[in-house]
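Taking it in order: structure first as structure tokens, then the write-up.
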There are 2 protein chains.
Amino acid sequence: MASQQDVAKRARVSFMTVSRVVNNHPGVKSETRERVLSAIRELAYYPNAAARTLNGRGTRNIGMIFPHKEFVLSRPFFIELCVELESHLSDTGYHLFLGSVRKETGSLDLTVLFKERKVDGLVIFAPERDDESVKRLAAEGLPFIVVHGRSDAVEYSYVDIDNERGVSRIMRYLFDLGHRRIGFVSGNMEEVNAQDRSACYRRELEAVGVGFDERIVHTGDWSLESGYEGFRALVGRAPAPSAIVFSNDQMALGAIKAAHDLGVSIPGDVSITGYDDIKYASFVVPALTTMRQPLDRVGEAVATLILERLDGRSECRRVILEPEFKIRDSCGPARAGGSPP
Amino acid sequence: MASQQDVAKRARVSFMTVSRVVNNHPGVKSETRERVLSAIRELAYYPNAAARTLNGRGTRNIGMIFPHKEFVLSRPFFIELCVELESHLSDTGYHLFLGSVRKETGSLDLTVLFKERKVDGLVIFAPERDDESVKRLAAEGLPFIVVHGRSDAVEYSYVDIDNERGVSRIMRYLFDLGHRRIGFVSGNMEEVNAQDRSACYRRELEAVGVGFDERIVHTGDWSLESGYEGFRALVGRAPAPSAIVFSNDQMALGAIKAAHDLGVSIPGDVSITGYDDIKYASFVVPALTTMRQPLDRVGEAVATLILERLDGRSECRRVILEPEFKIRDSCGPARAGGSPP
DNA sequence: CTGTTAGCGCATTCAG
DNA sequence: CTGAATGCGCTAACAG
């Protein structure tokens, strides 16, 4: 494979001149430049990334870290984000790296990826609160940003969607429809997002003077199955909730199945809401009322922030995006009566 | 960041000895080895991948190439495969690389990733038949394998699922239920998979003496929307099909929505089948009868094959996995009558 | 068993 | 405007 040396020979210059041309350095006679350029083309020369990295130019790789397998599988959501991110990043010459899905066996040391010179930066999805590996990254001053997760203990840049706004908007909507007994199915409570949404649900409830009742709260894990189970459990309580808020669409989809199996009508008997607005949310019957996460803007923000960190600009930034409420067909007015059998 | 030199100094040996220890070379006195090992630990030393690559040791990166954005988005399916693959590959020290989703702007030159020393090998998903960039890879003898796509023109290793078997099993099932007028909604016909399934549908039809009728065939693109459209279109034909075969689950899901909007009952009026068995297939109502792709085994096979290619073993292998028919609730017996209004 | 020398491909000095 | 020397961190080939 052609190296700068080969190109240099062919263009009858030193390899230094080739280097300058490759890197668009000024101060190369245009005639010489042309000669080099055509030699490059003829030999199909491409700069060796490893050599560049060795000279301290970075890797131009960005790693993505997911908390665990199920995280990826249960959120078709995030794939779209990856694609979005890839398209933004590739414009600036960066490549995306599946920085390995974290093992069940404890949190692995993410600094290794930097020390091995595999990546220049990391995008970490939904770490646990006060995650050790994130702390270490911050302590060593490594460039990374977090998506869906914030921390009060550690200073870092992150992008998130306003859960506060999202959940309270949903709750107000349900209140307006006359619902008072509103159940909740959470995501995996080890994740900050799940915690936030859950906390906000409780706060809103208390804000209107409706007490929090743990009997109509189910701890799920974002999966279809846990949504199914959650619905089943909550509807079986007495008195049953007239509406149930799910922490993501996937679980709400599971609930629709459960409702069918139980002979419960949505929204006739029980209203439900999702969160994310995955593609399928508008295709399920009944179409899901849900809170859309603005993926395109998240992707853009993530790209911008990580690039900033790589530039060495030191301030950490937080970008909180607004979700968009999508009212569809899965909610109805609360019925005067009670609940289905 | 600590280099071999630093470790060497601390362990009072030359850096060569450190290198030997790091690479598990035999012939280092165990006492010395211990000293080096603890120096490594104390300094948190990790070998610099760039330097290794520069010495011709490869990158230990495998790139994944997707045909286009929509491909990824329309198949939650493939994400699972990535995760599966990642877990197999990381065991052998390889990292996955999102080798960039291919742009709309013509097929980019994949050999660049090799020339730039970004990857050691490539896993290419669903390339077009006789794709130029695949041809070039093969011509240059670069290690890559293809998933979902084969070629008669070019020699390469690939993993696929037996579409032949899959589709014919579905067709026989429908025939057994008494269906004769069977519609078909294809995937994006630029992909080999879509072509194969489509061809097989036709062949099976003719095998039982039922003529192929292009009026009940719709060309989709794997998306929910195209499934919706396809169903709508086919059901509107006269005489309407009593069953429709969809080339993937996503489109079948779109059809379920369409049926609801049209007031058509599945499987009462029309039977439908999907393909893939995505997670949601068993949660939708009616649960989708579909052909399961054995993702875990695909992931395993892909990992094995690409590793073989990297080893330099020269023969190309083809691995054809068997799909598994999942009979659920979306098909019923053909009714004597005709079709719904 | 351990150390020395050389070079992978490139970019940053500094000289011409 | 161009070239020569030097080193990034590591390993392979040879010496001791």
Side-chain angles (χ1 to χ4, degrees), chain A residues 1-37 39-40 43-61 93 111-120, chain B residues 1-40 43-61 93 111-120 312:
Chain A
M1 247 157 226
S3 75
Q4 279 192 354
Q5 282 287 7
D6 304 323
V7 176
K9 235 173 275 171
R10 188 171 183 88
R12 303 191 316 280
V13 294
S14 85
F15 66 88
M16 245 339 282
T17 303
V18 178
S19 174
R20 279 193 260 265
V21 171
V22 168
N23 297 307
N24 280 317
H25 276 280
V28 176
K29 214 198 309 181
S30 71
E31 187 195 356
T32 321
R33 176 183 301 277
E34 284 313 317
R35 224 174 43 242
V36 172
L37 250 20
I40 287 178
L43 295 172
Y45 163 79
Y46 289 91
N48 182 321
R52 286 188 147 167
T53 300
L54 198 53
N55 276 6
R57 326 292 270 90
T59 63
R60 302 242 122 196
N61 292 157
T111 66
V112 172
L113 287 170
F114 287 92
K115 293 181 181 147
E116 287 180 336
R117 290 277 131 72
K118 284 289 203 176
V119 300
D120 292 344
Chain B
M1 249 159 220
S3 73
Q4 279 192 353
Q5 281 287 6
D6 303 324
V7 176
K9 235 173 273 171
R10 187 172 184 90
R12 300 189 318 278
V13 294
S14 85
F15 63 86
M16 243 344 273
T17 304
V18 178
S19 174
R20 279 192 262 263
V21 170
V22 169
N23 296 309
N24 280 318
H25 278 278
V28 177
K29 213 199 310 182
S30 71
E31 187 195 355
T32 321
R33 178 182 299 276
E34 285 311 319
R35 222 171 49 239
V36 171
L37 250 20
S38 47
I40 286 177
L43 295 172
Y45 163 80
Y46 290 90
N48 182 320
R52 284 186 150 169
T53 301
L54 199 53
N55 275 7
R57 325 291 266 89
T59 63
R60 301 241 122 197
N61 291 156
T111 66
V112 171
L113 286 169
F114 288 92
K115 293 182 182 147
E116 287 181 336
R117 291 276 132 71
K118 284 291 202 175
V119 300
D120 293 344

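So you know, we letter chains A, B, ... as the sequences are listed, proteins then strands, and number each from 1. It should be emphasised that the depicted structure is a prediction, and the values quoted were computed from it without experimental measurement.
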| message | For a quick check, with a 4.0 angstrom heavy-atom cut-off, what is the B/S/- contact string for nucleotides 6-16 of chain D, read 5' to 3'? | response | -BBBBBB----

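Atom NZ in A:Lys9 sits roughly 11 Å away from atom P in C:dG9 (whole-Å rounding). Between A:Arg33 atom CZ and D:dT2 atom C1' there is a gap of 13 Å when expressed in whole angstrom units.
Between A:Arg52 and A:Asn23, the closest side-chain pair of non-hydrogen atoms falls below 4.5 Å.
Note on B:Thr53: nothing from the nucleic acid sits closer than 4.0 angstrom, heavy atoms only.
Distances shown here put every side-chain N or O of B:Ser14 at or beyond 4.0 Å from the OP1 or OP2 atom of C:dT4. Between A:Thr17 and D:dC1, a side-chain N or O to OP1/OP2 separation shorter than 4.0 Å is absent.
The CZ atom of A:Arg10 lies 12.5 Å from the CZ atom of A:Arg35; values are rounded to the nearest 0.5 Å.
Residues forming a side-chain hydrogen bond (donor to acceptor under 3.5 Å, both in side chains) with A:Thr53 (at least two apart in sequence, or on another chain): none. By the side-chain hydrogen bond (donor to acceptor under 3.5 Å, both in side chains) test, B:Thr32 pairs with no residue at all, sequence neighbours left out.
Between A:Val7 and the options A:Val18, A:Val13, A:Val21, A:Leu37, a side chain to side chain contact (heavy atoms under 4.5 Å, CB included) holds for only A:Val18.
Residues B:Val22 and B:Pro47 come closest through the heavy atom pair CG1-CG, 4.3 Å.
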